[in-house]
Amino acid sequence: MIHSLDDLNRATVGDFAAAVGDTFELAPWVAEAAAAKRPFATVTALHDAMMGAVRTAPRERQLAFVCGHPDLAGKAARAGALTADSRHEQASVGLDTLSEEEFARFHRLNDAYKATFGFPFIVCVRRHTRDSILAQFERRLRHDAATEFATALQEISFITRLRLAAKVSGEGMPRVNGRLSTHVLDTHAGRPAVGLAIELYEFAGERAHRIATATTNADGRTDAPLIGGRPLPIGRYELRFAVGDHFRSRGIEQGDPPFLDIVPLRFSIGEPEGHYHVPLLCTPWSYSTYRGS
């Protein structure tokens with residue numbers, strides 16, 4: 001159920017906490033503390049107040065709150081003992097379908113992290129690919145304790161910002177979504193390439209799996225973003241453009257077999273809330289790209 005910010009500003013403390021209390025993992029006290037700061041002019045201000053309640057809480061309460069978060073791909077996840085939000089978030093990046101070898105790797109990293117810092121590893125999985133999560137594990141294990149606790153709170157801010165944006169509507173929504181788009185220009189003809197097939201792949205290790213397909217429209221663009229309406233997961237990607245079929249359909253001599261068939265563009269995403277525009281400019285014998293806007 002989506003609640004309007006106006007209604008939340010007028011609600012009783014109990015109703016306010018019932019509406020947004022589960023945004024922060026097993027910590028309804030966060031919403032109860034934020035309720036005293038009403039009214040909020042924007043949804044972003046509401047989230048800031050909730051995070052403010054966490055950041056100003058006594059250290060013991062902060063630590064208990066952080067420790068209330070589940071391990072990534074941990075035993076609780078396998079036993080189905082997660083909150084609905086955590087279960088959905090971990091499933092969004094495939095942590096519910098790990099092989100035994102992958103599960104064992106996450107288990108080792110979880111144990112190493114908790115032995116080092118005394119609380120579970122927390123990351124906003126919706127802003128990452130599986131490869132990026134593993135890279136975060138390795139990188140953050142080298143942090144000192146103070147840096148890592150601050151990092152954990154920042155990741156909680158990312159997690160709860162997404163959760164709150166899904167629950168509350170109103171002015172000043174927090175920026176939580178990114179966009180990946182493309183277009184293809186047939187520079188041989190000097191016009192957009194129409195009807196050109198595109199595939200988008202995401203890398204996991206050295207394996208790529210297809211996550212989207214599209215065909216260019218009359219403007220040489222896709223009708224919808226290749227990724228949109230959610231954060232762009234940090235990771236490595238590849239766009240594959242069927243330029244050979246495109247020029248063949250135009251009756252352009254390309255050689256036999258054609259010099260260019262499938263053009264791959266491999267790139268990385270590092271800004272989950274950013275806009276990545278990855279165009280292709282091509283002829284039957286050459287191509288180029290850039291990061292556009």
Side-chain angles (χ1 to χ4, degrees), residues 25 66-67 69-78 82 85-163 175-180 200-212 226-227 230-240 264-276 278 291:
E25 193 84 1
V66 170
C67 287
H69 288 72
D71 287 340
L72 289 186
K75 293 178 180 178
R78 285 205 157 185
L82 300 181
D85 282 330
S86 287
R87 182 171 62 253
H88 172 74
E89 289 157 0
Q90 294 204 22
S92 72
V93 74
L95 296 184
D96 59 337
T97 58
L98 297 177
S99 67
E100 288 301 322
E101 180 180 355
E102 290 169 328
F103 174 75
R105 183 179 182 188
F106 270 92
H107 185 65
R108 288 193 301 271
L109 287 167
N110 280 321
D111 284 352
Y113 184 92
K114 284 191 289 188
T116 302
F117 299 111
F119 51 84
F121 176 78
I122 299 172
V123 68
C124 181
V125 295
R126 293 172 63 187
R127 301 176 79 248
H128 292 268
T129 59
R130 196 181 307 178
D131 277 6
S132 178
I133 291 170
L134 291 169
Q136 286 283 312
F137 252 127
E138 303 286 358
R139 183 181 305 116
R140 287 168 54 184
L141 274 167
R142 298 192 291 269
H143 282 172
D144 60 72
T147 299
E148 189 50 30
F149 195 78
T151 301
L153 291 183
Q154 182 57 56
E155 292 297 324
I156 287 170
S157 180
F158 290 139
I159 293 167
T160 54
R161 187 176 66 181
L162 277 160
R163 291 180 179 181
R175 184 180 179 186
V176 294
N177 296 327
R179 183 159 58 101
L180 172 63
L200 174 64
Y201 289 78
E202 178 188 304
F203 278 87
E206 294 308 310
R207 295 181 289 109
H209 59 280
R210 190 174 65 187
I211 60 173
L226 294 166
I227 303 177
R230 63 185 177 96
L232 300 178
I234 296 169
R236 296 179 299 130
Y237 297 85
E238 187 171 280
L239 280 166
R240 299 178 186 176
L265 297 181
R266 191 171 298 188
F267 61 99
S268 297
I269 286 175
E271 302 165 23
E273 293 79 37
H275 177 203
Y276 283 74
V278 187
R291 181 176 173 182

Review point. Are Arg140 and Glu155 close enough, and set up right, to give a side chain to side chain contact (heavy atoms under 4.5 Å, CB included), and what steps lead you there?
Key: CA-CA 12 Å; Arg140 287 168 54 184; Glu155 292 297 324; 3.8 Å; yes
Give, for atom [atom1] of [X] and atom [atom2] of [Y], the distance between the pair rounded to the nearest 0.5 Å.
{"X": "Gln90", "Y": "Ile133", "atom1": "CD", "atom2": "CD1", "value": "8.5 Å"}
{"X": "Asp131", "Y": "Arg207", "atom1": "CG", "atom2": "CZ", "value": "9.0 Å"}
{"X": "Glu102", "Y": "Leu134", "atom1": "CD", "atom2": "CG", "value": "8.5 Å"}
{"X": "Cys124", "Y": "Arg161", "atom1": "SG", "atom2": "CZ", "value": "8.0 Å"}
{"X": "Arg179", "Y": "Glu273", "atom1": "CZ", "atom2": "CD", "value": "14.0 Å"}
{"X": "Thr160", "Y": "Arg163", "atom1": "OG1", "atom2": "CZ", "value": "8.0 Å"}

[X] side chain near [Y] side chain, heavy-atom distance below 4.5 Å:
{"X": "Arg291", "Y": "Tyr276", "value": "yes"}
{"X": "Arg130", "Y": "Phe106", "value": "yes"}
{"X": "Leu232", "Y": "Glu271", "value": "no"}
{"X": "Val278", "Y": "Leu226", "value": "no"}
{"X": "Val176", "Y": "Phe158", "value": "no"}
{"X": "Pro231", "Y": "Asn177", "value": "yes"}
{"X": "Phe267", "Y": "Leu180", "value": "yes"}
{"X": "His209", "Y": "Ile211", "value": "yes"}

| said: For the aromatic rings, using the six-membered ring if either is Trp, is the centroid distance between Phe149 and Phe119 under 6.0 Å? | reply: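 Here the rings of Phe119 and Phe149 have centres that are less than 6.0 Å from each other.
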Check your understanding: Which pairs count as ring pair (Phe, Tyr, Trp, His ring centres under 6.0 Å) when at least one residue sits in residues 122-144, sequence neighbours excluded?
Key ->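 Listed by first then second residue: Phe121-Phe137.
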Could you walk me through whether Tyr237 and Arg266 satisfy the side chain to side chain contact (heavy atoms under 4.5 Å, CB included) test, starting with their C-alpha distance in whole Å, then the side-chain angles of each, then the deciding distance to 0.1 Å, before giving a yes or no?
CA-CA 6 Å; Tyr237 297 85; Arg266 191 171 298 188; over 6 Å; no
Can you establish whether the number of heavy atoms outside Arg236 located under 6.0 Å from its atom CZ is more than 12?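 For Arg236, atom CZ is crowded (more than 12 foreign heavy atoms under 6.0 Å).
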>> Side chains of Glu25 and Ser86 only: does a donor on one sit below 3.5 Å from an acceptor on the other?
In response: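 Glu25 vs Ser86: donor-acceptor pair found between side chains.
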- prompt: Quick one: do Arg87 and Asp96 make a salt bridge, cutoff under 4.0 Å?
  reply: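 Asp96 and Arg87: not salt-bridged.
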Sorted by chain and residue number, the side-chain hydrogen bond (donor to acceptor under 3.5 Å, both in side chains) partners of Ser268 (sequence neighbours excluded) come out as none
Sorted by chain and residue number, the side-chain hydrogen bond (donor to acceptor under 3.5 Å, both in side chains) partners of Tyr113 (sequence neighbours excluded) come out as Glu148
ask   = Going through the distances and angles, do Val125 and Ile159 end up as a side chain to side chain contact (heavy atoms under 4.5 Å, CB included)?
value = CA-CA 8 Å; Val125 295; Ile159 293 167; over 6 Å; no
_What verdict does the side chain to side chain contact (heavy atoms under 4.5 Å, CB included) test give for Leu72 and Ile122, after you've listed the backbone C-alpha separation in whole Å, the side-chain angles of each residue and the deciding distance to 0.1 Å?_
CA-CA 8 Å; Leu72 289 186; Ile122 299 172; over 6 Å; no
Is it true that a side-chain atom of His88 and a backbone atom of Asp85 form a donor plus acceptor pair closer than 3.5 Å?
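The answer is no, because no donor-acceptor pair under 3.5 Å joins these two groups.
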For a quick test of reading the model, state the closest non-hydrogen atom pair linking Ile269 to Pro233 and the distance between them.
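Of all heavy-atom pairs spanning Ile269 and Pro233, the closest is CG2-O, 3.8 Å.
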